[in-house]
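Scroll down for the structure; my scribbles are underneath it.
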Amino acid sequence: MSRQIYRSGTSIGANIAESNNAQSKADYISKLSIALKEADETEYWLVLLFKSGTISEDEYNSYITDLKVIIGTLVNIIKKIKENEQN
């Protein structure tokens, strides 16, 4: 599980970094959407790590709080770009 969370967690940052060099708005949205999917997967692995007793409740709460901020930020960015495209 720790390898999976390492992969999905680092993929969030990698896709955000790739979005900085996107070739179009659609490409930018695509990269951020992939980062969002990876964040969702990371949340899944965090839940499993917590339920298996691998991480403490305090650790889980700390990680999940940070992850929710990342997810919320990605959702807001994607939403605003899509809204601006429609106007």
Side-chain angles (χ1 to χ4, degrees):
M1 283 187 285
S2 60
R3 279 192 184 164
Q4 290 296 333
I5 200 166
Y6 176 78
R7 288 179 185 166
S8 63
T10 56
S11 183
I12 298 167
N15 280 287
I16 291 170
E18 283 185 41
S19 75
N20 292 325
N21 295 309
Q23 296 176 350
S24 65
K25 281 186 184 179
D27 188 32
Y28 184 68
I29 291 170
S30 175
K31 297 295 183 202
L32 292 182
S33 295
I34 293 168
L36 181 57
K37 288 178 184 180
E38 294 295 335
D40 287 339
E41 181 181 339
T42 301
E43 184 176 6
Y44 169 78
W45 292 115
L46 277 174
V47 169
L48 290 182
L49 286 171
F50 173 62
K51 288 186 176 185
S52 69
T54 305
I55 60 173
S56 69
E57 185 172 357
D58 288 341
E59 289 172 311
Y60 171 77
N61 288 333
S62 176
Y63 297 143
I64 207 72
T65 298
D66 291 343
L67 186 59
K68 292 290 186 183
V69 169
I70 292 167
I71 290 171
T73 302
L74 288 168
V75 166
N76 286 333
I77 292 169
I78 293 166
K79 183 178 176 183
K80 286 187 189 272
I81 293 169
K82 287 181 178 181
E83 286 173 356
N84 288 338
E85 283 184 337
Q86 293 175 354
N87 295 330

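Small disclaimer: the values here were computed from a predicted structure and weren't measured.
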Residues in side-chain contact (heavy atoms from CB on, under 4.5 Å) with Tyr28, at least two apart?
-> Ser19, Ala22, Leu32, Ile77, Ile81
Donor-acceptor pair, Thr10 side chain versus Tyr6 backbone, under 3.5 Å?
-> yes
For Ile70, enumerate each residue passing the side-chain contact (heavy atoms from CB on, under 4.5 Å) test, keeping only those at least two apart in sequence or located in another chain.
-> Ile12, Leu74
Answer yes or no: are there more than 12 heavy-atom neighbours, outside Gln23 itself, under 6.0 Å from its atom CD?
-> no
Can you tell if the side chain of Glu59 reaches within under 4.5 Å of the side chain of Leu49, non-hydrogen atoms only?
-> no
Could you tell me the separation between the OG atom of Ser11 and the CD1 atom of Ile16, rounded to the nearest 0.5 Å?
-> 9.5 Å
Of all heavy-atom pairs between Ile71 and Glu43, which one has the smallest distance, and what is that distance?
-> CD1-OE1, 3.8 Å
Quick one: CG on Asn15 to CG on Asn20, what's the gap to the nearest 0.5 Å?
-> 11.0 Å
Over all heavy atoms of both residues, which pair between Phe50 and Glu57 is shortest? Give the atoms and the distance, please.
-> CE1-CA, 3.4 Å
State whether Glu38 and Arg7 are salt-bridged, where the test is any N-O pair (Lys NZ or Arg NE/NH1/NH2 against Asp/Glu carboxylate O) under 4.0 Å.
-> no
So Tyr60 and Val47, side-chain contact (heavy atoms from CB on, under 4.5 Å) or not? Walk me through it.
-> CA-CA 8 Å; Tyr60 171 77; Val47 169; 3.6 Å; yes
Leu48 and Ile5, any side-chain heavy atoms less than 4.5 Å apart = no
Spatial distance of atom CG (Leu46) from atom CD (Glu41) [nearest 0.5 Å] | 11.0 Å
Cluster check Tyr44, Ile34: I/L/V/M/F/W/Y, side chain < 4.5 angstrom = no
